[in-house]
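Just below is one structure, and these are the notes that go with it.
Only heavy atoms go into these numbers, but all of them, side chains included; no hydrogens, no water, no symmetry mates. Convention: sequence-line order gives letters A, B, ...; per-chain numbering from 1.
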Amino acid sequence: MRYDPSAIEPKWQEQWDNARAFATPTSLADLSGKPKFYVLDMFPYPSGAGLHVGHPEGYTATDVVARLKRMLGFAVLHPMGWDAFGLPAERAAVREGIHPAIITKRNTDNFRRQIKRLGFSYDWDREIDTSSKEYYRWTQWIFLQLHKKGLAYLAEVPVNWCPAQGTVLANEEVKDGKYVETGDPVERRTMKQWMLKIPLYAQRLLDDLDGLDWPDGVKEMQRNWIGRSEGAEIDFAVVVDAGASRPTFRVFTTRPDTLFGATYCVLAPEHALVDAITTPVQRAAVEAYVTAAKQKTDLARTDLAKDKTGVFTGSYALNPATGEQIPVWVADYVLATYGTGAIMAVPGHDERDHAFAKAMGLPIVPVVAPAGGGALPTPIEDAAFADDGVSVNSGFLNGLATEQAKARMLDHVESAGWGSRRVQYKLRDWLFSRQRYWGEPFPVLHTDDGEIVAVEEAALPVELPPVDEFKPTGDGRPPLGRASDDWQVVTLADGRKARRELNTMPQWAGSCWYYLRCSDTATTEKAWDSALENYWMPVDLYVGGVEHAVLHLLYARFWHKVLFDCGLVATKEPFQKLFNQGMILAYSYQDAKGRYWGHDDVVEKDGKPVLKATGEPLKSQIEKMSKSKLNVVNPDDVIADYGADALRLYELFMGPLEQVKPWQMAGVEGVSRFLARAWRLVVDEETGALNKKVTEAPSSSEPALQKQLHKTIKKVREDTEALRFNTAISQMMTFVNDATTAATLPRETLQLFARVLSPYASHLAEELWARLGGQGLCCQQPWPAHDDALCADDTITLGVQVNGKRRDEIAVPAAAPDDQVQQIALASPLVQKFMEGKPPKKVIVVKGRLVNIVV
RNA sequence: GCGAGCGUGGCGGAACUGGUAGACGCACUGGAUUUAGAUUCCAGCGGGGUGACCCGUGGGGGUUCGAGUCCCCCCGCUCGCACCA
């Protein structure tokens, strides 16, 4: 009777279901007294393609942790759900003419089936679908809280319009002028849109990162995205003919110490003052430049980053420090969206200004010298000196180090009335509306006279209306514009007519708070129960891909802080510990013509991949899994061949969770072999009865194995808690190897091992536990305690070095004092040979490690 | 360009705060069991000599009794950001 996962896995999944083994108590009374552990996966977007083996990597990790924590006596919250609103379902809906809700249901059903087959210990009672009206009702409700606090507003703003998607995008979704998800080009357009004032929370979002147990890289990315910089805003007066008013513009600079070196100013093409200060002579040129800049896509603007362009306005401004008249230019290297949209240019000490000055023949004045007093590394005409140093040519700043010069100038700027200190953030208002159907409708109404009225909380949810098609209307309104007037037109309490908002929320909205709803999915009266939220929050471990380092995690933190300010949550931060799993790659195979071949068409020959049919040699490489490269590995197939336990184990055995690593089927075979060996420890394959080696004697009757068992109990727990699953598994393999060669197998030892195996190969562990006569479910047993005395060896082997080179190995009692260890080491013939009769100058004994004899 | 990280056998990877490099697994080789294959079990497996010797953690230097681990320089790869004043 061989190890047959297909026979045992569905059986135990059913038993777990029947016993409701993983249902977390919903009432606080059943929870209190227990320490809590909230372990959460980033909810997947249920795509039509189904799961690939990359998905279960993080899910397996969290499941192992959840199962271990339960055995350790924690109340564990371990939910799963679907981040189910999103563009792909809507595009499929347009293509197939089917409602996106139906497509989404199809996809979530498939995802759920695939995930369930892996035997994860989710509490399925708490499953969440962010696109269900029971859920998005509260997403809308949270939006109303933001709106109430004045954090949401409607504005005519330049937006990122993506023609291919037919919708606007948030800044965070655009990189190099392209939509990060699809690479479709993005252009600037001015539209009336919902915005959220996330910059008001910039400082707190920055400060509170410090207390979080997150990967440094992710914290750094968030810091960069928030982009705090300190400096000054300084006013520059434009020089005009006598009698005219004196317009001023304000610049932002982080280097106020270089004000004496500002030899020109630049306004962004979109700057409001451009038109006013352009002189008649320059008007044609400036207008042409501004028009051209407007027409350029963001992509074109960034592409041309190297070649600076610009045009002189004809006007001059006064440098407040020098009193000199400096020219004012218009150039698109100055961003309208950052700072004030205008800069003072210091070509001597800023690379961008330097490049522009060189291109336009503008003067370059050095005002900072290297700190040591030496010459500039390169002449100021050839390169800007952007480092800190000592101020020169700068009047009252001369001789001051950059730090002091900055402070001094800031004081002066403020006392002279030139401007003021200022902290600037890159983080900008979050563009929060989309011109799509498949999202949360905004719970707001527009009256004919332009007033915005929030929908009553009691009237939520504002449900998605039926529409004939999911495309925008002919006159360019969003798909909701196709809804009937019954939906679109609402009569207010005062009798006025109002129309519903036609935009919907972006996909991020739903994922901003699912972790809160999971703490209490039962209530229908409110978004969550405060007492339960208090008990469960924060999330103790949140696992997902790095791709959400900025977007999802920043948005969720923002909402959470707003909810905190509203007194609706008790924690400042939602996710205490974050862990990013590394992407799983796969081998792909190409023939000489570059055509891809799937795994099934390829065989290994002399260690080289060849085409099965023709023997043609193929090129192989490790790439991201993708349909077009025919290298997607489907968990269903792996489970069919090796079972869920083998898949789970291999996901974690491959290497450290955070690492990017290639999928290798032979590796699955390896862990599957390990599981079969564990099976044979318990089951006699000939008869199906218990292994004849199993005895009723206590564990101590097989002392070496008992020691290995206790080491395994200890290491598996420690490594699992530290998320080092690969080494935990290798320790279990070592135990099974030892057990395989042991003369007898005490039942007690095997029962304890079944419990250790349980978080990882959960189905097999149940089967072994039952066959060994264990009572109840294995996964509900307490985690075994290890005996430290049994984890230590009586005798240990030490390396002995002579002059740092390893020469021999000695066995000593673990408790032996240093001088005894030293004597044994010096007595070794090999050691004596390498000492060449010289007396030892120094002997270093490192406890439990080695002895080094220096001669 | 800037920022972060990483380079260890044929492959995935071990090595806790500097302390016996290569755990565990894959692949490979030999042997046993088997009618044969699969399975299973045992043994070997960094390189070179193939005698108890030398060399080895991307390359070069340094600190140390001792360096994969710490410091400096260089090479290569990955990720993130990219005119943020």
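Atom-to-atom, NZ of A/Lys833 to C1' of B/G51 comes out at 11 Å; the value is rounded to the nearest Å. Rounded to a whole Å, the OH atom of A/Tyr338 is 13 Å from the P atom of B/A82. Atom pair A/Leu652:CG and B/C24:C1' shows a separation of 14 Å (rounding to whole Å applied). Between the CZ atom of A/Arg806 and the C1' atom of B/G22 there is a distance of 13 Å, rounded to whole Å. Here the C1' atom of nucleotide B/A14 and the CD1 atom of A/Ile729 are 14 Å apart, to the nearest Å. When the P atom of B/U40 is taken as reference, atom CG of A/Leu675 falls 12 Å away, rounded to whole Å. Rounded to whole angstrom, the span from the CG atom of A/Leu850 across to the C1' atom of B/A15 amounts to 14 Å. Here the P atom of nucleotide B/U40 and the CH2 atom of A/Trp679 are 15 Å apart, to the nearest Å.
Ranking B/U40, B/G19, B/U20 by closeness to the A/Arg680 side chain, first place goes to B/U40. In this structure, of B/A21, B/A85, B/C65, it is B/C65 that holds the atom nearest to the side chain of A/Ile844. For A/Ser730, the side-chain atoms get nearest to B/C24 when compared with the rest of B/C24, B/C41, B/U20. Ranking B/U20, B/C83, B/C24 by closeness to the A/Glu809 side chain, first place goes to B/U20. Considering only side-chain atoms of A/Met221, the nucleotide from B/G80, B/C24, B/C53 that sits closest is B/G80. In this structure, the nucleotide among B/A14, B/A82, B/C53 sitting nearest to the side chain of A/Phe834 is B/C53. The side chain of A/Pro656 approaches B/G13 more closely than any other nucleotide in the set B/G13, B/C55, B/C65. Closest to the side chain of A/Lys661, from the set B/A21, B/G12, B/G19, is B/G12.
With both ends at atom P, the span from B/U63 to B/C72 equals 15 Å, rounded to whole Å. Rounded to whole Å, the C1' atom of B/C24 lies 35 Å from the corresponding atom of B/C74. For the P atoms, the distance from B/G10 to B/G59 is 13 Å, rounded to whole Å. One C1' atom belongs to B/G51, the other to B/A14, and the distance between them is 32 Å to the nearest Å. Going from the P atom of B/G44 to that of B/U64 covers 41 Å, rounded to whole Å. For the C1' atoms, the distance from B/A15 to B/G22 is 9 Å, rounded to whole Å. Rounded to whole Å, the separation between the C1' atoms of B/G80 and B/C73 comes to 26 Å. Separation of the C1' atoms belonging to B/G13 and B/G68 is 14 Å when rounded to the nearest angstrom.
Listed for the A/Asp257 side chain is no donor-acceptor partner under 3.5 Å among the backbone atoms of A/Met409. A distance-only check finds a donor-acceptor pair linking the side chain of A/Lys219 to the backbone of A/Leu209 [under 3.5 Å].
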Before giving the answer on salt bridge (Lys or Arg N to Asp or Glu O under 4.0 Å), spell out for A/Asp216 and A/Arg223 the whole-Å C-alpha distance, their side-chain angles and the decisive distance to 0.1 Å.
CA-CA 10 Å; A/Asp216 290 336; A/Arg223 285 194 193 101; over 6 Å; no
Could you go step by step and tell me if A/Ser588 and A/Glu623 meet the side chain to side chain donor-acceptor pair (under 3.5 Å) rule?
CA-CA 7 Å; A/Ser588 65; A/Glu623 294 186 277; 2.5 Å; yes
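Regarding contacts with the backbone of B/A23, every side-chain N or O of A/Arg724 stays at 4.0 angstrom or more from both OP1 and OP2. Using a 4.0 Å cut-off, no side-chain N or O of A/Thr727 falls inside it from OP1 or OP2 of B/G13. Residue A/Arg677 places at least one side-chain N or O under 4.0 Å from the OP1 or OP2 atom of B/C41. In this structure, A/Arg807 reaches the B/C54 phosphate: one of its side-chain N or O atoms is under 4.0 Å from OP1 or OP2. When the side-chain nitrogen and oxygen atoms of A/Lys219 are compared with OP1 and OP2 of B/G3, none of them lie within a distance under 4.0 Å. Between A/Lys624 and B/U78 there is no side-chain N or O to OP1 or OP2 distance below 4.0 Å.
The glycosidic torsion of B/G9 lies within 90° of 0, placing the base in the syn range.
A salt bridge links A/Asp793 to A/Lys711: one of the charged nitrogens lies within less than 4.0 Å of a carboxylate oxygen.
If A/Gly667 and A/Val660 are placed on RNA chain B by their nearest nucleotide, the residue sitting closer to the 5' end is A/Val660. Sequence order on RNA chain B of the closest nucleotides to A/Phe252 and A/Gly655 puts A/Gly655 first from the 5' end.
Using a 4.0 Å heavy-atom cutoff across all strands shown, A/Val854 reaches sugar-phosphate atoms only and no base atom. Across all strands, A/Lys841 comes closer than 4.0 Å to no nucleic acid atom at all (heavy-atom distances). Using a 4.0 Å heavy-atom distance criterion, A/Gln664 is classed as a sugar-phosphate-only contact. Looking at heavy-atom distances under 4.0 Å, A/Asn737 makes contact with sugar-phosphate atoms alone, never a base. Backbone-only contact: A/Gln659 has heavy atoms under 4.0 Å from sugar-phosphate atoms and none from a base. Within 4.0 Å (heavy atoms only), A/Asn726 reaches sugar-phosphate atoms of the nucleic acid but no base atom. A/Asn852 comes within 4.0 angstrom of a nucleotide base, judged by non-hydrogen atoms across all strands. Within 4.0 Å of A/Thr741, counting heavy atoms only, lie sugar-phosphate atoms of the nucleic acid but no base atom.
In the displayed structure, A/Glu685 atom CD is contacted under 6.0 Å by more than 12 heavy atoms of other residues, nucleotides or ligands.
Below 30°, between 30° and 60°, or above 60°: for A/Tyr587 and A/Tyr589 the angle between ring planes is below 30°, a parallel geometry. Using cut-offs of 30° and 60° for the angle between ring planes, the A/Tyr333 and A/Phe356 rings count as tilted.
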Validation: residues 668-682 of chain A side-chain donor-acceptor distances under 3.5 Å, sequence neighbours left out:
from: A/Glu669; atom 1: OE1; to: A/Tyr642; atom 2: OH; distance (Å): 3.1
from: A/Arg677; atom 1: NH1; to: A/Asn737; atom 2: OD1; distance (Å): 2.0
from: A/Trp679; atom 1: NE1; to: A/Met1; atom 2: O; distance (Å): 3.1

Both atom distances under 3.5 Å, Watson-Crick or G-U wobble: I'd like the secondary structure of RNA chain B as a dot-bracket string, with | for pairs made across strands.
(((((((..(((......[....))).(((((.......))))).(((....)))..(((((..]....))))))))))))....
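Taking 3.5 Å as the limit, the base of B/C83 and the side chain of A/Lys308 contain a donor-acceptor pair of atoms between them.
No side-chain donor from either of A/Gln424 and A/Ser229 sits under 3.5 Å from a side-chain acceptor of the other. Using modelled atom types, one finds no donor on one side chain facing an acceptor on the other under 3.5 Å when comparing A/Asp235 with A/Thr248.
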